[in-house]
Amino acid sequence: MKKKRLDREFFSHPAVEVAPLLLGKYLVRKLAGGEVLVGMINEVEAYVGEEDLGSHAAGGRRTKRTEVMYGAPGHAYVYFTYGMHWLINVVCSKVDDPQAVLIRGLDSVTGPARLTKAFSIDGKFHGEDLIKSKELWLEDRGVKANPKDIRTTPRIGIPYAGKWKDKPLRFLLSS
DNA sequence: ACGATGATGAAC
DNA sequence: TTCATCATCGTA
């Protein structure tokens with residue numbers, strides 16, 4: 001089946017709907033030297049808006065950093081944490097509704113910080129339009145994720161998120 | 001299993 | 001200016 005780049009419409013839905021759809025899709029990174037890195041997404045987490053206490057935009061925290069999440073869907077929300085790691089999310093839903101899906105793992109790389117390192121993704125991609133970018137985007141390569149192979153668990157690393165910490169917003173594809 | 005790591009944003 | 005962090009690695 002032919003490759004099809006994911007468009008704006010794909011991301012113009014609530015993160016909880018987009019997240020499972022990203023399983024089986026491909027993250028594509030074209031390096032400056034022309035080399036192309038590709039990996040199939042097999043782990044994601046949904047961050048569902050201002051009421052989500054696990055989100056950086058919890059309580060309507062609209063700051064320089066979170067501003068990207070308040071913008072149009074299909075853009076990259078990249079941030080730095082723990083003094084050494086970059087993590088990448090894709091903005092979902094619509095303008096002024098700060099939802100995003102965190103890409104946590106690929107078939108070739110396990111771990112949200114390891115994949116950004118492997119793909120040379122850092123702060124310069126914060127706000128990048130993944131629909132139009134020539135360096136970083138997402139593709140459908142014809143893989144159909146069987147719903148029976150999708151597991152959900154609580155999200156990782158948000159013990160402070162109150163009732164939100166146990167919600168099944170982490171999606172894993174077991175191959 | 002556990003502590004060190006250590007930049008950045010955001011709160012105080 | 002002080003604090004907490006959407007992890008990971010090295011050492012047990």
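Lettering follows sequence order; numbering is per chain, from 1. Worth saying up front: this structure is predicted, and the values here are computed from it rather than measured.
- Counting to the nearest Å, the P atom of dG9(B) and the CD atom of E67(A) are 14 Å from each other.
- If you check dC6(C), dA7(C), dC9(C) against the side chain of S55(A), the one that comes closest is dC6(C).
- Atom P of nucleotide dT5(C) and atom OH of Y47(A) are separated by 13 Å, given to the nearest angstrom.
- Between R61(A) and the phosphate of dG9(B), there is no side-chain N or O to OP1/OP2 separation shorter than 4.0 Å.
- One atom, CE of M84(A), and another, C1' of dG3(B), lie 12 Å apart when rounded to the nearest Å.
- Counting non-hydrogen atoms under 4.0 angstrom, L102(A) reaches a base of the nucleic acid.
- For the pair H126(A) NE2 and dA7(B) C1', the interatomic distance rounds to 15 Å; values are reported in whole Å.
- Of the nucleotides present, dA4(C) is the one that pairs with dT8(B) by Watson-Crick or G-U wobble criteria, both distances under 3.5 Å.
- Within the 4.5 Å cutoff, the side chain of Y160(A) has no heavy atoms near those of the L53(A) side chain.
- Using a 4.0 Å heavy-atom criterion, one finds that R65(A) contacts the sugar-phosphate atoms exclusively.
- R104(A) has a side-chain polar atom (N or O) that falls below the 4.0 Å cut-off from OP1 or OP2 of dA7(C).
- As judged by a 4.0 angstrom heavy-atom cut-off over every strand, G54(A) is placed among the base-contacting residues.
- Between the OH atom of Y79(A) and the P atom of dG6(B) there is a distance of 19 Å, given to the nearest Å.
- Between L136(A) and L27(A) the shortest side-chain heavy-atom distance falls below 4.5 Å.
- Of the side-chain N and O atoms in H56(A), one or more sit less than 4.0 angstrom from OP1 or OP2 of dC6(C).
- The distance between atom NZ of K117(A) and atom C1' of dT5(B), rounded to the nearest whole Å, is 13 Å.
- Ring-to-base geometry does not place Y82(A) in a stacked arrangement with dT5(B) (centre distance under 5.5 Å, plane angle under 30° required).
- The interatomic distance linking H85(A) (NE2) with dG6(B) (C1') rounds to 10 Å, in whole Å.
- When the P atom of dG10(C) is taken as reference, atom CZ of R114(A) falls 10 Å away, rounded to whole Å.
- Under the 4.0 Å criterion applied to side-chain N and carboxylate O atoms, R104(A) and E45(A) are assigned as salt-bridge partners.
- A salt bridge is defined here as a Lys NZ or Arg NE, NH1 or NH2 lying under 4.0 Å from an Asp or Glu carboxylate O, and D140(A) with K2(A) fails to meet this definition.
- Y47(A) and F10(A) end up in different hydrophobic clusters when Ile, Leu, Val, Met, Phe, Trp and Tyr side chains are linked at under 4.5 Å.
- For F80(A), taking side-chain heavy atoms from C-beta onward, the closest of the listed nucleotides dT8(C), dT5(B), dA7(B) is dA7(B).
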